[in-house]
Amino acid sequence: MDEKALQAELQSKVKRILSPLFLKYQLDFSNLESILKWKPIVLVIGNYSSGKSTLINELLGEDIQRTGQAPTDDSFTIITAGGVGEETREVPGSTLVNDETLPFGSFKKYGERFVSHFLLKKMENPVLENMAIIDSPGMLDSVTEKDRGYDYMAVLGDIANLADLIVLMFDPHKAGTIKETYTAIRSTLPEKSGEDRIIFVMSRIDECDNLSDLVRSYGALCWNMSQMTGRKDIPHIYLTYAPSEAEPSDILSPLAQERDQLMAKIKSAPSFRVNHILEDIDRQVNELQLVCEAMTHFSRKAWQLLTKTSKVALVCSILVFFFGDMVMKALVSYPQETLLSALMGGTVNLTHFILPGCLVALTLFVFWFIFSRFVFTSLRKQSSIKSEELVTLNSEYKKNLWRKMEDKVQDLLGKATTKELWAGHSRNLSKIQRFLNRDLQSYYDKIR
Ligand SMILES: Nc1nc2c(ncn2[C@@H]2O[C@H](COP(=O)(O)OP(=O)(O)O)[C@@H](O)[C@H]2O)c(=O)[nH]1
Ligand SMILES: [Mg+2]
């Protein structure tokens, strides 16, 4: 099955099976919908002047982006193919954030300043047929950062979340300043994936004077990187240079192959798309599952209490049915003949059952009142205080998810009424589990 068809099928499945459940548990799934909406995205980030725009121009074989030593371009620019026969043209940010077919609707919240620094350029290019590349303004020092007028890091995080491949560029001179970008990006990506969605590139290596200079820069970068990722193994760092800028040299010629690998990797981004989508769905559905699991457990406890209460109510009802009217007769001399004496005297008729029936109804009502007003409410409060007892946290992954979802569960418990008894939580839970174990698994198998 080809990837587009797979994506479309996933989209309709998510809509049909999952959307109602996300809504029911008041979870936001707009991010999931956004990702499913559009084409594969490559995001290029890094310091200013690290060669981002130059790399993009090279990849496309055209000078579409402005390049230069000074911070020349301070916009987030999406570059992608237009419709067939459409002229090259630019679409402003204000149109992009209002276009339902694009995944950028939520970016409106970053305000006018951001929107005016956001645009899409359409061009015909074979590389862009099934892919969009986003060029980003470089990271400047912290003083000018404030002058941007919008939350740059948050925007970066949101775009990174949509992206299937993130190219993080360093140049040998400024390798140290990249840490905050990396940290911001890392914290927004799904727990399980991430690492393989980011590729690290050291550019402008032709500016190293000689081999030992290059090795030194590379070593410094590796050290920085292990500090950043907190991992002992260092991810692959692609070394690259722009042939248009660099003088041919003995150092560079063996590295030409590495450049080709980088270009090939970027062009292959569409093939990570489905995997990316699956991982995102996986994580969000696991979050949903956890919330549903908690509510299922809660409603099960409520049912147990209701059963206990009902048993007592049943015994009381039987007593009230046969002896209630006797007590009434003793107290208020009504009725003249009780049900029991009518039964024994053989004079029983329908009218003897009216009062006992009413008394039973009253008893049941009182028990329901006690249950809903006191028993259920106290269970709700207890569960809210010890909400982690509602779920089994048998792995680190689940513990992490729980930290994120705990507030959601408490929120739901805070609003819970006796309707929860009939909300079908356990049925929902099995639906979710079936999706995770059967549907999602079969998609993973398909792309392997
Ligand atoms: N020597 C050399 N210069 C480069 C290389 N890549 C980019 N440049 C130059 O560095 C400057 C900044 O590049 P640009 O692509 O605009 O960086 P951006 O700010 O990250 O988009 C430009 O003047 C480029 O010509 C490279 O590999 N080698
Ligand atoms: Mg640029």
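Sequential numbering from 1 along the given sequence is applied to the chain's residues. Atoms considered below: every heavy atom in the structure, side chains included; atoms not considered: hydrogens, waters and symmetry mates. Whatever order the structure lists them in is the order used to number ligands and atoms, beginning at 1.
- Between R197 and E279, at least one side-chain nitrogen of the basic residue sits less than 4.0 Å from a carboxylate oxygen of the acidic one, meeting the salt-bridge criterion.
- For atom 16 (O) of ligand 1, the nearest non-hydrogen atom from the set A242, G68, A246, S50 comes from G68.
- Which parts of ligand 1 touch Y241 is read off a 4.0 Å heavy-atom cut-off, strictly below it: atoms 27 (O).
- If you look at E207 next to ligand 1, the close heavy atoms, those under 4.0 Å, all belong to the side chain.
- Considering backbone and side-chain N/O of D135, none are found under 3.5 Å from N/O of ligand 1.
- Listed by atom number, the atoms of ligand 1 under 4.0 Å from S49 heavy atoms are 12 (C), 17 (O), 18 (P), 19 (O), 20 (O).
- Within ligand 1, counting atoms from 1 as listed, the ones closer than 4.0 Å to a heavy atom of N47 are 20 (O).
- Around atom CH2 of W303, more than 12 heavy atoms belonging to other residues, nucleotides or ligands sit under 6.0 Å away.
- Salt bridge annotation for D439-R16: absent, with no cationic side-chain nitrogen under 4.0 angstrom from a carboxylate oxygen.
- Across all non-hydrogen atoms, the minimal contact from L306 to L421 is CD2-CD1, 4.0 Å.
- Not one N or O on the side chain of S426 forms a donor-acceptor pair closer than 3.5 Å with the backbone of T296.
- Residue R66 has no nitrogen or oxygen atom sitting less than 3.5 Å from a nitrogen or oxygen atom of ligand 1, judged on distance alone.
- Distances below 4.0 Å separate heavy atoms of D206 from the following atoms of ligand 1: 1 (N), 2 (C), 26 (C), 27 (O), 28 (N).
- Under 2.8 Å from the Mg ion (ligand 2) lies no N/O/S atom of S49, from backbone or side chain alike.
- Of the candidates G51, P137, S203, P243, G51 brings a heavy atom nearest to atom 17 (O) of ligand 1.
- We find that E287 and R283 are joined by a salt bridge, their nearest charged nitrogen and carboxylate oxygen being less than 4.0 Å apart.
- Taking the side chain to side chain contact (heavy atoms under 4.5 Å, CB included) definition, one finds that E112 meets it with nothing, sequence neighbours left out.
- Neither the backbone nor the side chain of T240 comes within 4.0 Å of ligand 1, counting heavy atoms alone.
- Not a single heavy atom of I56 sits under 4.0 Å from any atom of ligand 1.
- For R259 and Y241, the positive end sits near the middle of the six-membered ring, less than 6.0 Å away and at most 45° from its axis.
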